[in-house]
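Report on the following structure.
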Amino acid sequence: MKQDIAGTTLFDGEQAQKGFALNRMCYSFNSADNRAAFLKDEEGYCRKYGLTEDQRAAVKSRDVLAMITAGGNVYYLAKLAGIFGLNVQDIGAQQTGTTVEEFKAKLAAAGR
Amino acid sequence: MARIIGGVASTHVPSIGKAIAENKQNDPYWRPFFRGFDYVHDWLAREKPNIAVVFYNDHGLNFFLDKLPTFAVGAADQYRNEDEGWGIPVSRAIAGHPALSWHIINGLVADEFDVTMCQDMLIDHAVTIPMALMWPGAAAAKASPAKPWPVRIVPVEINTVQHPLPSLARCLKLGRSVGRAIESYPENLRVMIVGTGGLSHQLDGKRAGFINKEFDRFCLDHVVGEPEVLTRYSIHDWVEQSGAQGVEFLNWMAMRGALTGQVSELHRNYHIPISNTAAATVVYENRKEAERKAA
């Protein structure tokens, strides 16, 4: 049995099944019309895609770690984050419990 | 006969597309990355490829998780990009070479790589950003037949999103099969191979922001002359060493595999960070044994 990698959820078959509705909703955000529709009626949009209660709660609270626990894949979640103008440093900071400046400093430090 | 002249590999981070759109190439943050392409531009001007076979991974533009191939080969006469939802400008379309695509597909399936064949396929930033980095002038031109891209492309997509992923060994073999197919194609083409993505990075989880400079250096040092060394790592090992999205190195392995001759590194640029990623750009030369002896 392989050891888990700390702080990492492999997006495998189990996660893919669990996250299907959430990821499908995020996939729809490739379309500007769909992004606008989500902003106009978030509750209704999530209902239309059949999000589970956990997924709905995670989206509502903008909690990326909870979205991952609920099966979200980061490439799809990034499309949702984009609606709120958040990039991968913003969501990196949120997931690691740091400020965006601290998160960027950590990335820069990895190069030294 | 078609000839494989060499390969270019590059990071494909979406924010590069924004930096290009906002003309930030000379900003202190971006310059260490963009200057890595000065050499690439000289090499392309000198070598004049007219085909690029591009190994990349789709990030939820053409493929969704409902039907996700492990390996997919484009066989279209044109490849469009579309809105990917994260605010980077949409690229102009790039022409394909369907006859070469089908030749490669035939070769792959004969070699027991049972690929998905795509006559209609959107290409995402993992293709369009390296293209824009290599040919900034062509990328910026308005869609017009008078100013085409200097190359036509054959996109080869590898799943790096949903596990189980193909192994490093499998991707190296995939590349070798593509390389053999190209070299048996009767048209007089100058083919370059492109591998996109990586190097170490992780976007998701409490380990977000993970970068491993030492492992990246190990990969860059070995992929040229002894790529087999890297095949000893499982995908699980790779995630551990290179981060959850560091698995995009599979595209580099396939690119390296397609360079079937004597391979040497002409250029390497490595910079941390671009966005959340350790960014790398390389140029590899591919020479036939006979050419090497003559040189």
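For the residue pair B:His59 and B:Glu84, no side-chain donor N or O sits within less than 3.5 Å of a side-chain acceptor on the partner. Side-chain polar atoms of B:His201 and B:Asn276 form no donor-acceptor pair below 3.5 angstrom.
With chain B as partner, the option from A:Gln15, A:Gln95, A:Arg35 having the largest number of non-hydrogen pairs under 4.5 angstrom is A:Gln95. Listed options A:Ile83, A:Leu77, A:Val74 were ranked by heavy-atom pairs under 4.5 angstrom with chain B; first place goes to A:Val74. Interface check for chain A: of the options B:Leu165, B:Leu68, B:Val239, B:Thr277, the most heavy-atom pairs under 4.5 Å are formed by B:Val239. With chain B as partner, the option from A:Gly111, A:Gly82, A:Ala109 having the largest number of non-hydrogen pairs under 4.5 angstrom is A:Gly111. Comparing A:Asn87, A:Val88, A:Thr96 by heavy-atom pairs within less than 4.5 Å of chain B, the highest count is held by A:Val88. Options A:Arg112, A:Arg24, A:Gln94, A:Lys104 differ in how many heavy-atom pairs under 4.5 Å they form with chain B, and the most are formed by A:Arg24. Taking A:Thr69, A:Asn23, A:Leu80, A:Thr9 one by one and counting their heavy-atom pairs under 4.5 Å with chain B, the maximum is reached by A:Asn23.
B:Leu61 touches chain A through backbone and side chain together, each having a heavy atom under 4.5 Å away. For B:Phe63, the part sitting under 4.5 Å from any heavy atom of chain A is the backbone (N, CA, C, O) and nothing else. At a 4.5 Å heavy-atom cutoff, the contact between A:Ala78 and chain B is made by backbone and side-chain atoms alike. If you measure heavy-atom distances from A:Thr8 to chain B, the contacts under 4.5 Å come from both the backbone and the side chain. Of the two parts of B:Asn57, only the side chain, counted from C-beta on, holds a non-hydrogen atom closer than 4.5 Å to a non-hydrogen atom of chain A. Both the backbone and the side chain of A:Ala32 come within contact range of chain B, each with at least one heavy atom under 4.5 Å from a heavy atom of that chain. Only the backbone of A:Phe29 has a heavy atom closer than 4.5 Å to any heavy atom of chain B.
Under the 4.0 Å criterion applied to side-chain N and carboxylate O atoms, B:Glu82 and B:Arg80 are assigned as salt-bridge partners. Using a 4.0 Å cut-off between charged side-chain N and carboxylate O, B:Asp38 and B:Arg31 make a salt bridge.
Looking at A:Leu107 and B:Ile272, their side chains never come closer than 4.5 Å, going by heavy atoms from C-beta outward. Looking at heavy atoms from C-beta onward, A:Tyr49 lies in side-chain contact with A:Ser28 at the 4.5 angstrom threshold. In this structure, B:Leu250 and B:Leu168 have side chains that are in contact, with non-hydrogen atoms separated by less than 4.5 Å. Between B:Asp58 and B:Leu122, the closest side-chain pair of non-hydrogen atoms is not below 4.5 Å. Between B:Leu133 and B:Val40, every side-chain heavy-atom pair lies at or beyond the 4.5 Å cut-off.
At distances below 3.5 Å, not a single donor-acceptor pair connects side-chain atoms of B:Asn159 with backbone N or O atoms of B:Pro69. For B:Thr196 (side chain) and B:Thr11 (main-chain N/O), no donor-acceptor pair under 3.5 Å exists by modelled atom type.
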Fill in: Residue pair B:Arg268, B:Asp221: steps toward the salt bridge (Lys or Arg N to Asp or Glu O under 4.0 Å) verdict
CA-CA 10 Å; B:Arg268 178 195 297 192; B:Asp221 286 347; 2.8 Å; yes

Practice prompt. Using the salt bridge (Lys or Arg N to Asp or Glu O under 4.0 Å) rule, take A:Glu42 and A:Lys60 through it: C-alpha gap first, then chi angles, then the decisive distance, then the call.
Written response: CA-CA 9 Å; A:Glu42 180 172 330; A:Lys60 197 170 185 177; over 6 Å; no

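Taking 4.5 Å as the heavy-atom cut-off, the residues of residues 206-220 of chain B that approach chain A are B:Lys206, B:Arg207, B:Ala208, B:Gly209, B:Ile211, B:Lys213, ordered by number.
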